[in-house]
Amino acid sequence: TQSTRPQRLLSAVQKNATRGDPCSVVKAIDQFCRSKEWAMNVGDEKGCILDSVVSEVNPTTVLELGTYCGYSTVRIANLLPPHAKLITLEFNPDFAAIARQVIAWSGLEEKVQLVEGASGDLIPKMKEDFGVKTFDLVFLDHWKDRYLPDTKLMEACGLLRKGSILLADNVICPGTPDYLEYVRSSPRYESQYFKSHLEYTKVEDGLEKSVFLG
Ligand SMILES: C[C@H](C[C@H]1O[C@@H](n2cnc3c(N)ncnc32)[C@H](O)[C@@H]1O)NC(=O)c1cc(-c2ccc(F)cc2)cc(O)c1O
Ligand SMILES: [Mg+2]
């Protein structure tokens, strides 16, 4: 039977990256996506902006919405201090299965909890089932029309505290107009746009960083 793109991406990691070396896993995926097949990872250019925000926030608890193959999961987890935790939510079981193997190859499984399911169902369970108080950083990279409802859901569930950072991918391409409008006009957020490009292309895209003011 035909392999899927995520399966081919995982094979490229297992072939070209060193077990236990997160940087080599990230490089192998970027090389695969540039030279073989485009895939919807945040990529190397926006990935550097992600890295700088993660390093600046130095979070203890991180939530990622939309794991896909685990590329940004590995980038974020690689920068976390000891005992910090990254919870990543993935709706598609096939993608989740690939991501688990990519995360394992990088050797970062101790810092990552991948949960299969829809963000809308799982966010209300974060406190009770996952022992989370609040998130220091949230990386939004799932269905683009879920960014706004899930942000409002996180507010309602008390998962954001004064100073929590929301970092959203794809705010230009594919675009998240309702989310952008909300975080840029709400008095409860201070927002900043980091202009970049759609992964592995010259198309404009960017990340929106929003601080929750409480
Ligand atoms: C949405 C996907 C990423 C993943 O998110 C999971 N997911 C979804 N909804 C939920 C949920 N509600 N809860 C948990 N997981 C969830 C899914 O299964 C995918 O694995 N990302 C994208 O579609 C995406 C697309 C593009 C893109 C840009 C230009 C083009 F011409 C074509 C595609 C670029 C990007 O950078 C993306 O990130
Ligand atoms: Mg994305």
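Both ligands and their constituent atoms are indexed starting at 1 by order of listing. In this chain, numbering begins with 1 at the start of the sequence shown.
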Query - Shared hydrophobic cluster, L50 / L114 (ILVMFWY, side-chain heavy atoms < 4.5 Å) - result: yes

Query raised in the report: salt bridge (charged side-chain N to carboxylate O under 4.0 Å, His left out) between E190 and R184: does it pass, once the steps are laid out?
Result: CA-CA 7 Å; E190 180 60 43; R184 290 178 175 176; over 6 Å; no

Query - Nearest heavy atoms of G43 and Y200, plus distance in Å - result: CA-OH, 3.6 Å

Query raised in the report: Can you name the nearest heavy-atom pair linking K111 to A77, along with the distance?
Result: CD-O, 3.5 Å

**Report entry** Linked hydrophobic residues, L180 as query - side chain contacts closer than 4.5 Å
**Finding:** V171, I172, Y193

Query raised in the report: Should D205 and K195 be marked as a salt bridge (charged side-chain N to carboxylate O under 4.0 Å, His left out) after you check the CA-CA gap, both sets of side-chain angles, and the distance that decides it?
Result: CA-CA 6 Å; D205 189 22; K195 184 176 165 105; over 6 Å; no

Report summary line: Note, the Mg ion (ligand 2) has protein N, O or S atoms under 2.8 Å numbering 3

Query raised in the report: Applying a heavy-atom distance cut-off of 4.0 Å, which protein residues contact ligand 1?
Result: W38, M40, G66, Y68, L89, E90, F91, N92, F95, G117, A118, S119, D141, H142, W143, K144, D169, N170, C173, P174, L198, E199

Report task. Using side-chain contact (heavy atoms from CB on, under 4.5 Å) as the criterion, point out the one residue from L153, T151, L159 that pairs with E155. Result -> T151

Using distance only, find each side-chain donor-acceptor pair of residues 119-128 under 3.5 Å and give its atom names and separation, not counting sequence neighbours.
from, atom 1, to, atom 2, distance (Å)
S119, OG, D150, OD2, 2.5
K127, NZ, K133, O, 3.1
K127, NZ, G158, O, 3.0

Query - H142-Y68 aromatic ring centre distance below 6.0 Å - result: no

